[in-house]
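Everything below concerns the one structure shown next.
Chain letters run A, B, ... following the sequence lines, proteins first and then strands; every chain starts at 1.
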Number of protein chains: 2
Amino acid sequence: MYDTGPGCSSLGYGAMEELGPFRVNSDGRTLFRNEYAWNNVANVLFLESPAGVGFSYSNTSSDYSETGDNSTAIDSYTFLLNWLERFPQYKSRDFFITGESYAGHYVPQLADIILSNNKLLTNHTAINLKGIAIGNGWIDDNTCSKGMYHYFWTHALNSDETYEGIGKHCDFDNGNFSSECYKYQSISDDEIGDLDIYNVYAPPCNSAATKTATYSGSDFDPCSDDYTNSYLNLPEVQKALHVKPTKWFPCSAVGWADSPASLLPTINRIVSKGISTLIYSGDTDGRVPITSARYSVNALKLPIETPWRPWYSSNEVGGYVVGYKGLTLVTVRGAGHMVPSYQPQRALTMISSFLSGKLPPKN
Amino acid sequence: MYDTGPGCSSLGYGAMEELGPFRVNSDGRTLFRNEYAWNNVANVLFLESPAGVGFSYSNTSSDYSETGDNSTAIDSYTFLLNWLERFPQYKSRDFFITGESYAGHYVPQLADIILSNNKLLTNHTAINLKGIAIGNGWIDDNTCSKGMYHYFWTHALNSDETYEGIGKHCDFDNGNFSSECYKYQSISDDEIGDLDIYNVYAPPCNSAATKTATYSGSDFDPCSDDYTNSYLNLPEVQKALHVKPTKWFPCSAVGWADSPASLLPTINRIVSKGISTLIYSGDTDGRVPITSARYSVNALKLPIETPWRPWYSSNEVGGYVVGYKGLTLVTVRGAGHMVPSYQPQRALTMISSFLSGKLPPKN
């Protein structure tokens, strides 16, 4: 599992607020168990990536300025090889890579390196890659941008005029954005107002309602970021984690040398090599919304094997699924950008099915 | 205030679950105060309409078979005139009509009768109609149907193929629906699955999560229907309400003689007579969704006076507003079909602004 970015922490978000075994109580000092942790169904490794993010660091400061997609993939791959040498009991296990948001880049890039290097390895065991899963992933600049503005309009966050202006002046098919296009994008942003675009229906942490509400284990607490930030900066926690004492940040400002406009060719290559691929999307995220995922997957032009249908978790519609040849698109109902944070039970149902090679349940 | 239908009760929904002064506790026998009741800002009258619905009845059973838009409007108007004779202290007050869902028919039709009869009255005082408000209203068969399927697709409830099939075979502009169109509409319904389409993100009443959750005053409790049903069927409650002892139903099967395909001409006429008109929409309703409201309002071709912007309630985005000449379109963020039920505070902010002739607040 690795997460978001560029520059955001998998440990802070992925482990402590989404799918890890523990969550932080509102005191910022103590933990409670996450009943729907993904380590119920797999051994989960969280990677603070690249160096400079979270607890990851380099002793060579120039490393930070060369950070980008390429270096992140290579460093992650090197880490994995060495980690498996250190813990050889995991070498023969099935291996899956998951991530969300900008990990729409990281996940397929790491998978790609693993696949192309597996056959070249002489003094390492090949990594037994079985599948990749990308949640609300930024996998193509054009389809994702187009989907975002479409989502804004259909979810009543933008005016008709702004949506029309963007459609007229932003050439999403070719990635040509005029100054008129940027003007309309800026108006779009103003029109949305002071909203958490990562979950368009969620309360903000600072609301009066939030402060008086009580959150149980499976409810989303919009102030989780604060608790985690506090917890991971406790000296005794850092000591227990065996990390270098540091001021931990959820997201770090990192330079970014390279970032391809589209990962669709990479994903196509991975799918064609028989690595099962899951594209999932929380349907209340406005930042990398479900419309973006649909436009992206459609661009892959894969044949449909199982038509669109609802799937169920705990007798409720967990979302919808459509099975393509080699790739599955799954939506998670009522989930924002960080899917397991908002819908932990549905997310666990989804990933359990994926790990066992099935579509999420029919009922 | 009157409500939904055809055949549903304003007292059960509107008063007891949405905007009335009391809500029913989960025991089905006792009440608690609704802090965000609309009678904080107005005297509110709930009308069980037409006869045969809720506690309304006729002693002439043939009346039931002739029920329709026309008879409902005439009966409501007659009721109002007589009610004002009985309570003359309200005759000079500003009068507003509000309603939701099928009241997209009732509200403009009653307003129309009032306006055309006001000048003819000889032995009654004219009704001082100032405004009408319609929430998630079915005001035009074509724009509302088109908006519904558009909402289904963009909210990831339907497949691409089904949306395309509906777009190709259902002629929403002219209201021509072929058998192919109905086939795709049926597929659309299957694809959605077992979901509360009136609030696509809400839990159902029967879920395990619901049974263990605790709901405070401003949270939506998905089992509210059950509590209200139980309460309004208590003999002591019916006695206290001075109604005929009866088996009360939230919705009744009523025949329907007449129902025009579009209320847009009526609304245009009302707007042109200077009656301020509010079209509002909870944005998580899939049954008469915000896309339907937008298509409907666009069809009126009114000039925009105040461009689209967010509005705020308790420092959060309450939704969005656009001001047209004589008409205002307001969305309520995170609200399903029964807006004040899901977002009581935002609904009160919205209606307060409307009653005082203002757009909802900028911050």
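Interatomic distance, A:T331 OG1 to B:L157 CG, rounded to the nearest 0.5 Å: 8.0 Å. Note that CH2 of B:W308 is 14.5 Å distant from CG of A:D190, once rounded to the nearest 0.5 Å. Atoms CD1 and CZ, on A:I192 and B:R309 in that order, are 16.0 Å from each other to the nearest 0.5 Å.
Between A:T154 and B:T154 the shortest heavy-atom distance is CG2-CG2, 3.3 Å.
Residue A:D196 does not touch chain B at all, counting heavy-atom pairs closer than 4.5 Å. Of the atoms belonging to B:A202, it is backbone heavy atoms, and not side-chain ones, that fall under 4.5 Å from chain A. At a 4.5 Å heavy-atom cutoff, A:I187 makes no contact with chain B through either its backbone or its side chain. Contacts between B:N363 and chain A at a heavy-atom distance below 4.5 Å are absent for every atom of the residue. Looking at A:T291, only its side chain comes within 4.5 Å of chain B, counting heavy atoms on both sides.
For the pair A:Y312/B:D194, a side-chain contact is recorded, criterion being any heavy-atom separation below 4.5 Å from C-beta on. A 4.5 Å side-chain heavy-atom check between B:L195 and A:R333 finds at least one atom pair inside the cut-off. Looking at heavy atoms from C-beta onward, B:D283 lies in side-chain contact with A:Y201 at the 4.5 angstrom threshold.
Counting heavy-atom pairs closer than 4.5 Å to chain A, the top-ranked of the candidates B:N315, B:V322, B:T284 is B:T284. Between chain B and the residues A:S281, A:G193, A:P310, A:G334, the largest count of heavy-atom pairs under 4.5 Å involves A:P310. For the options A:W153, A:Y151, A:W311, heavy-atom pairs under 4.5 Å to chain B are most numerous at A:W153.
Between the B:Y320 side chain and the A:S159 main chain, no donor and acceptor come within less than 3.5 Å of each other.
Ring pair A:H150/B:H150 is tilted by interplanar angle, where 30° to 60° counts as tilted.
Within the structure, the salt bridge (charged side-chain N to carboxylate O under 4.0 Å, His left out) test picks out the following pairs touching residues 143-167 of chain B (sequence neighbours left out): A:R294-B:D160.
More than 12 heavy atoms of other residues, nucleotides or ligands lie within 6.0 Å of NZ in B:K183, so this atom counts as buried by the packing criterion.
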